[in-house]
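Below: one structure, written as structure tokens.
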Protein chains: 2
Amino acid sequence: MQDAETIAAPSTLKIARRSLHAQVVVGLRDLIIEGTLPPGTRINEAQLCETLGVSRTPLREALKVLASEGLVELTPHRGATVRRPTANEVLDTLVVLGGLEALAAEYACRNATPSEIAELAAVHQRMLDFYRAQNRLEYFKLNQSIHSGIIRLAGNHTLIALHDTLQARIKRVRFMGNDRPEQWSNSIAEHEEMIAALQARDAVRLGAVLRLHMENAWQRVRHAL
Amino acid sequence: MQDAETIAAPSTLKIARRSLHAQVVVGLRDLIIEGTLPPGTRINEAQLCETLGVSRTPLREALKVLASEGLVELTPHRGATVRRPTANEVLDTLVVLGGLEALAAEYACRNATPSEIAELAAVHQRMLDFYRAQNRLEYFKLNQSIHSGIIRLAGNHTLIALHDTLQARIKRVRFMGNDRPEQWSNSIAEHEEMIAALQARDAVRLGAVLRLHMENAWQRVRHAL
DNA sequence: GTCTTGCATTTTGAATTCAAAATTCTTGAT
DNA sequence: ATCAAGAATTTTGAATTCAAAATGCAAGAC
């Protein structure tokens with residue numbers, strides 16, 4: 001859906017085409033996911049309108065959408081706050097993410113082209129570079145993009161959208177929890193296994209690794225909740 | 001989330017507590033899912049405001065939310081229409097639903113109490129009654145509620161919410177496609193197997209049946225697209 | 001008769017306005 | 001000095017208003 005818009009062109013023209021509320025959804029979502037607006041932040045409409053340069057109408061529309069995505073909490077007559085997922089929600093979300101990725105594994109192993117697989121392997125190598133360089137942010141980004149990549153290889157748009165939404169909800173928690181470099185090495189080993197399984201087109205093995213990876217992800221982040 | 005609100009009381013009082021836009025989301029969602037507003041219907045804001053008795057502001061907020069749920073399509077400067085899922089989207093959605101239910105199977109077999117399982121078996125029996133009575137609507141409702149029930153037994157709220165959203169998107173298509181009674185009998189056999197697997201707490205078997213059931217569901221509905 | 005062009009009407013998008021609820025601040029009593 | 005009650009202010013919820021875009025219609029050209 002958004003591919004054509006986001007990939008193409010200097011974006012300024014494209015952005016002008018979008019409705020204001022859609023722009024606000026995108027912008028505000030980023031502010032939340034990236035942590036500029038950390039969990040628990042109270043959202044003052046007038047104030048945020050000022051900084052975003054829009055009136056309250058499109059902002060409020062955007063808040064409702066983000067609430068339905070689980071990024072914002074709306075309390076009647078009391079306004080919006082940036083949602084802080086409970087430990088249980090994080091666990092539940094990780095379980096579902098694992099399930100979705102295991103599902104994707106089957107289709108990815110069946111449908112992916114050799115070049116697509118090679119591409120993902122290349123991303124994995126770049127991730128290793130950042131790991132060795134102790135660049136936590138870039139390491140994390142590529143880590144996520146490998147998971148998104150496996151999902152994408154399945155070629156199921158519903159799956160892609162769902163995965164994106166869930167990943168967004170707990171992206172920050174995962175990043176914050178992933179603070180001890182010794183944790184990374186376990187994660188790296190699992191990623192090695194993933195790529196190997198994908199190259200062997202072994203869906204069962206890939207699925208198992210992905211589910212295991214999510215269980216371990218829980219162990220890695222739970223201390224931060 | 002909505003349990004406390006929807007289950008309790010004559011609702012009038014509770015509804016008054018909700019914000020207008022939330023009411024409209026619920027009401028409009030039902031109109032779409034139940035088919036009162038069939039796919040492709042152009043939504044005239046002023047007109048719908050009239051029938052719902054609200055101003056355009058809450059209605060437009062609701063439309064944005066329903067768009068993010070995939071039930072409504074928003075075209076800039078051209079308004080909203082009730083979304084008609086493409087054949088591919090229906091297939092993709094069924095695949096994901098199957099994956100989610102198979103995931104739920106594991107947890108349901110592990111965590112469900114005997115009485116919960118018995119309850120689901122009872123629903124299955126009631127479904128059979130409606131099958132024998134050729135009551136398509138009630139048969140269909142109980143059929144769906146068995147799937148929702150398995151999801152619920154997993155005790156994962158994220159999973160429940162996701163499943164609900166996806167089920168809502170294609171509920172109408174599935175109902176329309178399920179028009180030949182001879183199709184029902186296959187579906188019934190699969191449901192028998194599900195209940196048996198659940199009673200045996202055989203997660204592997206239950207997962208397999210659920211995935212198979214979704215593949216067959218696709219065969220049953222594809223002709224209607 | 002059909003197609004095009006321009007105007008009128010309708011419809012959507014977004015800002016503003018108004019009302020109600022919540023919060024904050026002040027004042028006064030103990 | 002602390003707390004409670006109530007007024008003032010802020011903030012949210014929803015209707016209304018205004019502007020811009022799209023649609024429909026009519027007149028005229030071919």
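Throughout, a chain's letter reflects where its sequence line sits, starting with A, and its residues are numbered from 1. Just so it is clear, the model here is predicted, and its values are computed rather than measured.
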Under a 3.5 Å threshold, yes or no: a donor from one side chain and an acceptor from the other, between [X] and [Y]?
X         : Y         : result
His147(B) : His163(B) : no
Thr158(A) : Glu89(B)  : no
Ser68(B)  : Glu69(A)  : no

Practice task
Grab the CD-P distance between Gln47(A) and dT10(D) for me, whole Å please.
Solution key: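 In whole Å, dT10(D) P and Gln47(A) CD are 13 Å from each other.
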Practice task
Starting at atom CG of Leu74(B), determine the distance to atom P of dT12(C), rounded to an integer number of angstrom.
Solution key: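 Checked: the CG to P distance equals 10 Å.
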Fill in the blank from the handout: Once base and sugar-phosphate atoms are separated, protein heavy atoms under 4.0 Å mark nucleotides 13-20 of chain D, 5' to 3', with B, S and - as BBBBB---
Exercise for the section: For Leu63(A), report the nucleic acid contact type (base, sugar-phosphate, nothing); a contact means any heavy atom under 4.0 Å. Expected result: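 Nothing: the residue Leu63(A), judged by heavy atoms under 4.0 Å, touches no strand.
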Exercise for the section: May I ask you to establish whether Arg136(A) and Phe175(A) are in a cation-pi arrangement, using a distance under 6.0 Å from NZ or CZ to the six-membered ring centre and at most 45° from the ring axis? Expected result: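 The answer is yes, since Arg136(A) meets both limits relative to Phe175(A).
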Handout entry: Asn178(B) side chain reached by Gln183(B) side chain, heavy atoms, under 4.5 Å
Key =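 In short, these two side chains touch, coming nearer than 4.5 Å.
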